[in-house]
Amino acid sequence: MSILHVNHIQADCRARFISTIDMSDVQNAGPTEKDDMFLSRALAAFSIAAVAKVSDAVAAASVVDQYQDDGIDAFYYDTTEHVAYLVQSKWVKNGTSSVDLGAILKFQQGINHLIEGKIALLGSKMQARSADIQAALDDVHATFVLIIAYTGNQPLAQEVRAPLDQLITDLNEDSNLVSLQALKQKDLWSIVENKAIGTAVDFEVQLKEYGHVKDPYKAYYGQVAVADILAWGKFGDRLYHKNLRSFKGSTDVNTAIISTVKDDADNFFYFNNGITLLCGGLSKKPLGGKSTDSGVFDCKDVSVINGAQTVGSIISAFTAPEAIPSTARVMVKLISLESCPPDFSTQVTRAANTQNRIENRDFAALDPEQTRLRTEMLLSLNKEYVFRSGDQAPDQSNGCTLDEATIALACANSDATHAVNAKQAIGRFYEDTTKPPYTLLFNSALSVIKLWRAIEVLRKVDGFLKEEQKQREGRERGCVVHGNRILLHLVFKALDPAIFLEESTTPDAEYAKIPSLLTDYLIKVSTEIAQKYTPSYVGNIFKNITKCKAIVAAIA
């Protein structure tokens with residue numbers, strides 16, 4: 001069946017990308033060579049569309065394959081999901097062979113050049129995407145997905161995969177920065193098959209303790225056993241065909257969902273926002289009669305339009321062979337489209353995915369200390385202090401915001417742990433406003449003088465580093481971008497603490513030291529990293545509390 005499957009994949013690639021793949025650089029190639037290159041590039045676009053869940057037009061535009069391309073055939077950076085996708089594709093005509101070691105080593109080299117910010121060593125098509133590459137490298141939350149796509153039916157040989165496995169091990173030393181997806185013939189053909197089958201998803205849902213809404217449109221709501229949701233997994237991404245996005249995989253939120261459903265099953269119903277299903281057809285089966293204790297509903301043409309991450313996390317958590325069954329339940333809402341206006345499904349999908357959500361940060365607004373700081377800032381300094389979400393941030397000369405205050409105070413703390421969290425996970429400070437680390441920063445002892453001057457130091461450091469970014473490349477630029485909070489922490493340690501404690505103290509002389517301090521610290525931090533932490537990805541180093549503390553101890 002190999003050749004048949006390859007032909008199916010080929011037909012799909014031609015139909016989708018024949019007029020959108022850039023072939024301008026191979027006009028002088030012979031017909032056979034040119035067609036082979038088209039299919040390889042189309043396969044790269046096919047892979048981006050499938051894995052990144054983007055349109056064919058976006059996927060086609062991501063193709064960067066060319067002669068001397070450093071092994072990277074497609075590059076796409078999803079700024080919303082903070083994921084960069086890098087593809088190497090190989091069209092295998094006979095459908096039997098795999099990817100050779102030389103191609104993998106070239107891909108590995110290209111990845112290293114990209115991660116190290118050596119954009120000039122990449123192909124010209126990749127260089128044209130330097131803004132997106134730099135945005136990914138500058139993003140503290142960015143992760144990288146490496147995709148090997150080929151139409152052969154053999155798995156990657158161990159000696160071929162070994163260099164990539166080692167690269168991933170090295171880059172993931174401090175966090176899960178890089179992952180690998182190998183799409184061989186079977187995987188590619190499954191994508192084509194699922195597309196050909198269509199998007200319709202039909203199944204039954206058993207609702208416990210359910211309710212019914214009759215007007216203006218029919219809907220039911222109730223509890224569904226988590227164990228019942230596992231059966232939905234067989235539909236794959238077709239389950240989310242009307243949603244704005246599919247299951248996003250391993251994210252902080254999804255990890256938390258999995259943890260709760262596994263470890264706190266009794267409370268999962270209360271802690272989770274639930275799932276909304278749109279149904280082209282919806283009817284209750286006679287089983288159970290008029291009792292609302294339990295009902296079975298026949299759902300046709302189903303799509304999860306809200307709660308995709310909950311569904312995906314449940315399926316991910318309990319499909320592993322060693323998984324222990326869960327007794328958890330989740331709230332599920334079934335909405336029938338049978339008597340709805342034509343655009344209702346679009347309206348409800350958009351509304352369900354764009355309603356404002358309460359974040360941990362919003363709970364800080366309930367803390368009386370925040371109200372006190374706002375009042376004292378206004379009365380003592382004639383400055384605005386904005387700590388509620390939705391309120392307009394003041395001009396820098398007129399005040400500051402809660403997030404600015406959190407970052408400044410965290411970096412001013414003697415423990416570098418808080419500077420690391422201020423960079424990569426500021427939300428941790430707001431998880432519980434009744435205990436540390438929040439109360440280490442915001443408490444009755446915090447004066448508005450200390451707060452405002454910490455803000456001024458933050459802004460002076462950020463202003464200096466912003467200019468430094470323009471002058472530096474590669475790992476040095478990475479130190480400026482990703483190390484900004486550790487550098488701020490070092491500056492706070494070097495300044496006279498009296499300027500933060502006494503209102504009568506004039507801070508200008510201390511502020512004047514900041515440029516020279518930063519110049520010195522940048523050299524020392526870069527040297528320390530080069531000597532002790534090569535070949536680690538610079539961004540990951542500044543996520544590692546142990547390494548950051550060691551750097552601070554060696555310098556300060």
Side chains of [X] and [Y]: closer than 4.5 Å at any heavy-atom pair?
{"X": "Val64", "Y": "Asp73", "result": "no"}
{"X": "Ile229", "Y": "Val224", "result": "yes"}
{"X": "Leu43", "Y": "Leu188", "result": "yes"}
{"X": "Val83", "Y": "Tyr77", "result": "no"}
{"X": "Leu114", "Y": "Met126", "result": "yes"}
{"X": "Thr406", "Y": "Ile426", "result": "yes"}
{"X": "Leu207", "Y": "Tyr221", "result": "no"}
{"X": "Tyr220", "Y": "Phe297", "result": "yes"}

Classify the ring geometry between Tyr85 and Tyr76 as parallel (under 30°), tilted (30 to 60°) or perpendicular (over 60°).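 Parallel: the ring planes of Tyr85 and Tyr76 meet at under 30°.
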Is it the case that the side chain of [X] and the backbone of [Y] share a donor-acceptor pair, with hydrogens and angles ignored and the cut-off at 3.5 Å?
{"X": "Asp12", "Y": "Ile9", "value": "no"}
{"X": "Lys333", "Y": "Ile275", "value": "no"}
{"X": "Ser294", "Y": "Lys208", "value": "no"}
{"X": "Gln127", "Y": "Leu122", "value": "yes"}
{"X": "Gln185", "Y": "Gly95", "value": "yes"}
{"X": "Ser190", "Y": "Lys186", "value": "yes"}
{"X": "Lys125", "Y": "Asp65", "value": "yes"}
{"X": "Asn421", "Y": "Arg428", "value": "no"}
{"X": "Asp70", "Y": "Ile72", "value": "no"}
{"X": "His418", "Y": "Leu441", "value": "no"}

If only side-chain N and O atoms count, and only distance matters, is there a donor-acceptor pair under 3.5 Å linking [Y] with [X]?
{"X": "Tyr438", "Y": "Glu431", "result": "no"}
{"X": "Gln10", "Y": "Arg14", "result": "yes"}
{"X": "Thr310", "Y": "Asn272", "result": "yes"}
{"X": "Tyr430", "Y": "Asp403", "result": "yes"}

Using the rule given for salt bridge (Lys or Arg N to Asp or Glu O under 4.0 Å), can you reason through Arg329 versus Asp266, listing the C-alpha separation, both sets of side-chain angles and the distance that settles it, and then say yes or no? CA-CA 8 Å; Arg329 292 184 179 182; Asp266 290 345; over 6 Å; no
Leu287 atom CG, over 12 foreign heavy atoms within 6.0 Å: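 Counting neighbours around CG of Leu287, 12 or fewer heavy atoms of other residues, nucleotides or ligands fall under 6.0 Å, so no.
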Applying salt bridge (Lys or Arg N to Asp or Glu O under 4.0 Å), can you list everything that pairs with Asp165, at least two apart in sequence or on another chain?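 Salt bridge (Lys or Arg N to Asp or Glu O under 4.0 Å) list for Asp165, sorted by chain: Arg161.
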Can you see which heavy atom on [X] is nearest to which on [Y], and at what distance?
{"X": "Val6", "Y": "Thr151", "value": "CG2-O, 3.7 Å"}
{"X": "Phe17", "Y": "Asp56", "value": "CE2-O, 3.6 Å"}
{"X": "Val330", "Y": "Gly274", "value": "CG2-CA, 4.0 Å"}
{"X": "Ile314", "Y": "Phe268", "value": "CD1-CE2, 4.3 Å"}
{"X": "Ser98", "Y": "Leu156", "value": "OG-CD2, 3.6 Å"}
{"X": "Tyr537", "Y": "His482", "value": "OH-NE2, 3.8 Å"}

One pair to check against side-chain contact (heavy atoms from CB on, under 4.5 Å): Ile148 and Gln181. What are the steps and the verdict? CA-CA 6 Å; Ile148 307 294; Gln181 288 195 35; over 6 Å; no
Determine, using ring centers only, whether Tyr217 and Phe344 are less than 6.0 Å apart.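 Yes.
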Would you call Arg41 and Asp25 a salt bridge, taking side-chain N to carboxylate O under 4.0 Å as the test?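 Salt bridge flag = yes for Asp25 with Arg41.
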Do Lys93 and Asp36 sit within salt-bridge range, that is, some charged N less than 4.0 Å from a carboxylate O?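 The answer is yes: the pair qualifies as a salt bridge.
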Would you check, one step at a time, whether the test side-chain contact (heavy atoms from CB on, under 4.5 Å) holds for Phe442 with Leu402? CA-CA 10 Å; Phe442 298 102; Leu402 170 61; 3.7 Å; yes
Straight-line distance of [X] [atom1] to [Y] [atom2], nearest 0.5 Å:
{"X": "Phe542", "Y": "Arg485", "atom1": "CZ", "atom2": "CZ", "result": "12.5 Å"}
{"X": "Phe46", "Y": "Ile48", "atom1": "CZ", "atom2": "CD1", "result": "12.5 Å"}
{"X": "Leu239", "Y": "Ile305", "atom1": "CG", "atom2": "CD1", "result": "12.0 Å"}
{"X": "Glu209", "Y": "Thr292", "atom1": "CD", "atom2": "OG1", "result": "8.0 Å"}
{"X": "Thr143", "Y": "His82", "atom1": "OG1", "atom2": "NE2", "result": "9.5 Å"}
{"X": "Leu180", "Y": "Leu86", "atom1": "CG", "atom2": "CG", "result": "11.5 Å"}

Gln108 and Gln166: CA distance, side-chain angles, deciding distance, side-chain contact (heavy atoms from CB on, under 4.5 Å) verdict: CA-CA 10 Å; Gln108 179 191 31; Gln166 185 59 55; 5.6 Å; no
I'd like to know whether Lys543 forms a side-chain contact (heavy atoms from CB on, under 4.5 Å) with His141, so could you lay out the CA-CA distance, the side-chain angles of the two residues, the decisive distance to 0.1 Å, and finally the verdict. CA-CA 10 Å; Lys543 295 178 184 178; His141 300 296; over 6 Å; no
